[in-house]
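Basis for what follows: all heavy atoms, side chains included, without hydrogens, waters or symmetry-related copies. The sequence lines fix the lettering, A, B, ..., with proteins before strands; numbering per chain opens at 1.
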There are 2 protein chains.
Amino acid sequence: MTKDKYHHGDLKKDLMSKGLQLLGTEGYEGFSIRKIAALCGVSHAAPYKHFQSKEAMVAAIIADVSWKFGAMVKDVMDKYAHDPKTKNIEMGKHYTKFMVENPDYFRFMFLTNHYSPIHFTGESIEIDERHSGFNISLKCAEDFFDSINLEKEKRAMAFLSIWSLAHGSTVMLIHGTVAYSGDYLELVAKMLKEKLESLERNQA
Amino acid sequence: MTKDKYHHGDLKKDLMSKGLQLLGTEGYEGFSIRKIAALCGVSHAAPYKHFQSKEAMVAAIIADVSWKFGAMVKDVMDKYAHDPKTKNIEMGKHYTKFMVENPDYFRFMFLTNHYSPIHFTGESIEIDERHSGFNISLKCAEDFFDSINLEKEKRAMAFLSIWSLAHGSTVMLIHGTVAYSGDYLELVAKMLKEKLESLERNQA
DNA sequence: TCTGTATGTTTACACTGTCAACATATTGTG
DNA sequence: CACAATATGTTGACAGTGTAAACATACAGA
């Protein structure tokens with residue numbers, strides 16, 4: 001609510017918002033600080049008062065989406081708290097849904113080197129603390145493993161399988177055909193269900 | 001073997017080779033026509049006699065790797081022709097291995113919009129004719145499905161599962177920890193084996 | 001009110017992709 | 001072989017980029 005002259009009001013927020021919008025319409029290429037500054041009606045150097053570099057700006061935008069991702073994951077986690085199996089299936093569905101709706105976030109996470117939330121070493125999985133979404137989704141899987149008493153040694157591989165199913169099909173959706181039908185989410189659910197039940201059977 | 005003066009000899013090849021090298025060292029960002037031209041000892045506009053644009057140049061480089069990918073896939077296909085199950089497991093291992101060794105190819109394929117070899121519509125899968133590697137790997141899976149008499153309706157999903165396992169773990173490897181151990185390939189193999197045998201059991 | 005600090009603008013630089021105009025080598029035709 | 005057409009280079013220009021320094025203005029606290 002400033003006098004609407006020299007100062008913008010809340011430029012940082014506006015930059016991030018317009019930046020995300022540009023990411024969505026033009027993709028990572030075509031994402032330019034000068035363009036965003038213009039969209040905000042501000043000089044091309046103004047963004048540098050809020051972000052150290054272009055990279056930092058993109059990182060901030062992505063971190064913001066990451067927060068929303070975390071919130072979504074937490075919602076699923078709470079909603080289906082009582083049922084570990086359903087929880088994992090729903091988690092996969094929501095994962096795919098979220099990524100399909102935020103393809104630039106998806107691309108940025110898994111296609112650049114700037115962002116590595118997951119560290120998988122063969123025996124153990126470590127997830128960057130800042131990325132709560134992945135942390136929680138790992139815990140989601142752990143809950144299921146607990147419920148079927150899966151041995152510790154088998155968990156890394158089991159998690160990898162589950163995650164691969166969800167992620168792999170997401171890639172297909174985002175990168176493959178443009179047509180997106182609700183059915184696809186059911187397909188993801190079915191694949192996950194099969195895998196989870198196979199784990200159950202092997203454990204029984 | 002020209003007179004080594006005004007003309008380069010085989011600039012197109014040299015550009016692609018140095019370009020691929022640059023992709024490997026600096027990634028997609030930092031991939032610059034002018035840099036590559038300099039590496040080839042040629043003026044900054046020379047590449048435009050061979051490629052219409054930067055994008056076309058990257059596409060050509062990627063197509064070249066794609067060809068190698070296809071050759072690799074075909075080798076696996078032939079080597080294990082007699083055994084559909086082993087063939088699919090080996091295919092997955094080689095897929096992961098190839099992508100880990102060509103991470104820029106991998107990134108370019110699945111991270112940008114320039115390149116969409118696979119079209120998955122829910123019931124059927126279509127693969128771009130030019131990308132023989134994926135075509136063959138689909139056929140590889142089909143061979144297995146034939147060997148266990150899998151119903152047509154179940155095949156799209158089964159393929160998606162198999163491919164997701166291979167691809168998902170590849171993402172982990174490329175994007176996660178830097179450490180690459182041979183064991184990882186065994187993990188991929190194990191996951192695939194489990195999935196294939198689960199399909200077998202359901203069919204028996 | 002005065003002064004420091006946050007937030008803008010302007011100007012400048014090196015770098016990018018791309019194009020047009022020009023130069024030189026190679027190739028194919030009479 | 002000569003000469004024209006063509007392929008392959010070079011040079012110079014342009015607009016657009018990220019980034020930094022110098023400068024200007026508004027706001028906040030003493």
- B:I33, nearest nucleotide to its side chain (from C:dT18, D:dT19, D:dA22): C:dT18

- Message: Can you say whether a donor on the side chain of A:H44 sits under 3.5 Å from an acceptor on the base of C:dT10, or the other way round?
- Response: no

- Round to the nearest Å and state the distance from B:L22 atom CG to C:dG17 atom P. 10 Å

- Full working for salt bridge (charged side-chain N to carboxylate O under 4.0 Å, His left out) between A:K79 and A:D75: CA-CA 6 Å; A:K79 190 168 176 186; A:D75 277 356; over 6 Å; no

- Please round to the nearest 0.5 Å and tell me the distance separating atom CG of A:L23 and atom NZ of A:K18. 14.5 Å

- Note on the structure: Walking DNA chain C from its 5' end, the first of B:K49 and A:K49 to be reached, judged by nearest nucleotide, is A:K49

- Message: Please report the distance, rounded to the nearest Å, between CD1 in A:I36 and C1' in D:dT17.
- Response: 12 Å

- Between C:dG17, D:dG9, C:dC19, spot the one nearest the side chain of B:A45, thanks. C:dC19

- Note on the structure: Judged by nearest nucleotide, the residue sitting upstream toward the 5' end of DNA chain C, A:R34 or A:A46, is A:A46

- Which whole-number value in Å describes the distance from B:Q52 CD to C:dC19 C1'? 13 Å

- When we call it a touch if two heavy atoms are under 4.0 Å apart, what does B:K12 touch: a base, just sugar-phosphate, or nothing? nothing

- Message: Output the rounded distance in Å from OH (B:Y48) to P (C:dA21).
- Response: 17 Å

- Residues in ring pair (Phe, Tyr, Trp, His ring centres under 6.0 Å) with A:F98, at least two apart? A:F69, A:Y105

- Could you state the NE2-P distance from B:H50 to C:dT18, rounded to the nearest angstrom? 16 Å

- May I have the step-by-step check of side chain to side chain contact (heavy atoms under 4.5 Å, CB included) for B:S169 and B:L187, ending in yes or no? CA-CA 9 Å; B:S169 46; B:L187 205 60; over 6 Å; no

- Task: Work out which heavy atom in A:Y48 is nearest to a heavy atom in A:S53; give both atom names and the distance.
- Result: CE2-CA, 4.2 Å

- More than 12 heavy atoms from other groups under 6.0 Å of CD on B:E200: yes

- Heavy atoms under 4.0 Å, any strand shown: does A:S32 hit a base, just sugar-phosphate, or nothing? sugar-phosphate

- Query: If you measure from the Lys or Arg side-chain nitrogens to the Asp or Glu carboxylate oxygens, is any gap between A:K190 and A:E194 under 4.0 Å?
  - Reply: no

- Query: Hey, what bend do you get for the helix from C:dT1-D:dA30 to C:dG30-D:dC1 if you fit axes on five pairs at each end, rounded to 10°?
  - Reply: 10°

- Given atom CG of B:L15 and atom C1' of D:dG9, what is their separation to the nearest angstrom? 12 Å

- Note on the structure: Ranking D:dG9, C:dT7, D:dT19 by distance to the side chain of B:L11, first place goes to D:dG9

- Message: Expressed as a whole number of angstroms, how long is the span from B:E26:CD to C:dC15:P?
- Response: 13 Å

- Task: Give one of base, sugar-phosphate or nothing for A:K54, where a contact means two heavy atoms less than 4.0 Å apart.
- Result: sugar-phosphate

- Nucleotide C:dC15, atom C1' - distance to CD of B:E29 in whole Å: 15 Å

